[in-house]
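Counting convention: from 1, in listed order, for ligands and their atoms alike.
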Amino acid sequence: MTTAPTGAGTAGTSTALLDVRGLRKVYQGRGRSVEAVRDLTFAVEAGELVCIVGPSGAGKTTLLRCVAGLLGCTSGEVVLEGERVTGPPRGMAVVFQEYGRSLFPWMTVRQNVERPLKEKRVPKAERRRLVDEALEAVGLAKVHDAHPWQLSGGMQQRVAIARAVAYEPHILLMDEPFAAVDAQTRADLEDLVRSLWKRLGVTVLFVTHDIDESVYLGQRVIVLSNSPTVVLEEVPIDLPDERDQLTTRAEPRFAELRTRIYKLVQRAKDGHRPAG
Ligand code: ADP
C-alpha cells in the first residue's frame, strides 16, 4: 500500500479518508471569470462507495479534477488521509471515461497495467504478482499480451480498472467510466466495481450523470446542484448490500430512491438551490 501522498501539504486533523471542505473553483478566462463550483463540502469514510450525481454542466468534472490534484481550487481544500492535496496524491488512482485515450496503444495489456507500478518503483516480482492478480480480478487473465486496440471498449475499460487496482490505491476515483460502452457491458462493469470494492476494501468515489447507476452502485449518493455547484442533498442508499442487476433494480425501494434522486436532479436543472 502507498503511504505519504506526494502532492500534499499540511492540513488539520480529520477522521474521514477524504474531506472536501468549502471547495470553490472560479475559472479565469480572457477578461471574464466563470464560477463553476461555489461551495462543496462532503466527506468520504474509508471503505465507502460514494456516488456523485448531477446534471450535465453541474461541475462534476471540475470537482473530480480538484480532488485528483489535477486542478487547483480557488478556495477551500481537499484533504486526503489528513494531508492537503496540492498535486496528484500517491494514494489515489483515477479511471476516466475515455479509456481509448488513457491506455498506451503501443504497449500490451500487461505493460499498461505494470507501468504505474514501475513508476512507483515496485520490485519486479511484486509487480508481476500485482498485475496477474488485477487482470484476473477483472476477468482478463488470458489477454496479457494483447494490445488495447485488439480489445472491445468494455475490455479496454477493464484494463484501465485493472491498472488502477494493481496500484493498490487507498481511494479510487471514477469519472463517468462507463458512459461510452453499451448497456450490457455497462451492467457487467458496474457489477465488477461492486465486487472489486467488496473484495479489495478500496474506497470508491464514483462520478456519474446516470441516476440508476448511482443508486445501483452507491452506499450514498451526493446530488449536486447545477453550476455554480453546491451539494443539494446526500441520499443514503438503504438497499441490501448484495445487489444484482435483475433483483435490485426490480425492488420497490430501488424505484423510490431513483425517483427521489431524479426529482432532485430535475430541480437542479431548473435552477433549484438549497435554502440558506
Ligand atoms: P460536468 O462535468 O458536471 O458536466 P463541468 O465541471 O465540466 O461539469 O463544468 C461546470 C461548469 O464550469 C460549466 O458551466 C462549464 O461551462 C464550466 N467550465 C468547465 N471547464 C471550464 C474552463 N476550463 N473554463 C471556463 N469554464 C469552464
Side-chain angles (χ1 to χ4, degrees), residues 7 18-44 49-78 80 85-89 92-102 157 160 164 171-181 186 189-190 193 204-218 220-235 258 260-274:
L18 175 74
D19 240 323
V20 176
R21 301 174 184 154
L23 177 69
R24 179 164 186 256
K25 177 65 189 176
V26 179
Y27 289 104
Q28 301 292 351
R30 284 197 198 93
R32 72 182 203 115
S33 58
V34 177
E35 187 188 23
V37 170
R38 176 160 296 169
D39 181 8
L40 286 179
T41 297
F42 62 87
V44 179
L49 198 175
V50 176
C51 291
I52 292 192
V53 77
S56 183
K60 300 184 293 297
T61 305
T62 303
L63 164 66
L64 200 121
R65 288 194 181 140
C66 290
V67 170
L70 300 170
L71 192 65
C73 41
T74 306
S75 57
E77 60 181 1
V78 176
L80 179 68
V85 171
T86 55
M92 182 182 282
V94 189
V95 176
F96 294 102
Q97 178 183 334
E98 292 172 336
Y99 50 82
R101 282 206 266 165
S102 81
Q157 196 55 304
I171 185 162
L172 180 57
L173 298 193
M174 307 191 87
D175 184 16
E176 308 233 14
F178 311 142
V181 297
R186 184 174 192 140
L189 291 172
E190 287 168 359
V193 168
V204 180
L205 185 61
F206 191 105
V207 177
T208 179
H209 66 269
D210 186 316
I211 294 162
D212 286 43
E213 184 167 76
S214 72
V215 176
Y216 183 70
L217 285 178
R220 186 155 58 95
V221 175
I222 298 174
V223 186
L224 302 183
S225 74
N226 66 354
S227 185
T229 321
V230 296
V231 172
L232 266 190
E233 205 165 307
E234 292 199 20
V235 180
R258 82 178 285 281
R260 181 166 162 205
I261 295 173
Y262 185 86
K263 284 185 178 161
L264 282 167
V265 170
Q266 276 309 117
R267 282 162 65 200
K269 279 189 195 162
D270 295 340
H272 168 81
R273 308 186 72 77

For [atom], what's the nearest protein heavy-atom neighbour? Residue, atom name and distance, please.
{"atom": "atom 19 (C) of ligand 1", "answer": "Tyr27 CE1, 3.5 Å"}
{"atom": "atom 12 (O) of ligand 1", "answer": "Ala36 CB, 3.2 Å"}
{"atom": "atom 11 (C) of ligand 1", "answer": "Ser227 OG, 3.7 Å"}

Can you confirm whether more than 12 heavy atoms, excluding those of Arg186, are under 6.0 Å from its CZ atom? yes
Tyr27, OH atom: more than 12 neighbouring heavy atoms under 6.0 Å: yes
Would you say ligand 1 has an N or O under 3.5 Å from any N or O of Gly59? yes
Return a yes/no value for Ala58: is any of its N or O atoms, backbone included, closer than 3.5 angstrom to an N or O of ligand 1? yes
Return yes when at least one protein heavy atom is under 4.0 Å from atom 22 (C) of ligand 1, and no when none is. yes
Search all heavy atoms of [X] against all heavy atoms of [Y] and return the closest pair with its distance.
{"X": "Val26", "Y": "Thr74", "result": "N-OG1, 2.7 Å"}
{"X": "Val94", "Y": "Ala68", "result": "CG2-CB, 4.1 Å"}
{"X": "Cys51", "Y": "Leu217", "result": "SG-CB, 4.0 Å"}
{"X": "Gly22", "Y": "Thr41", "result": "N-OG1, 2.9 Å"}
{"X": "Leu80", "Y": "Leu18", "result": "CD1-CD1, 4.2 Å"}

Heavy-atom nearest neighbour of [atom] within options [options]:
{"atom": "atom 7 (O) of ligand 1", "options": "Val207, Thr61, Thr229", "answer": "Thr61"}
{"atom": "atom 1 (P) of ligand 1", "options": "Gly29, Ser33, Gly57, Pro228", "answer": "Gly57"}
{"atom": "atom 6 (O) of ligand 1", "options": "Asn226, Leu224, Thr62, Leu71", "answer": "Thr62"}

Is the closest heavy-atom distance from Ser56 to ligand 1 below 4.0 Å? yes
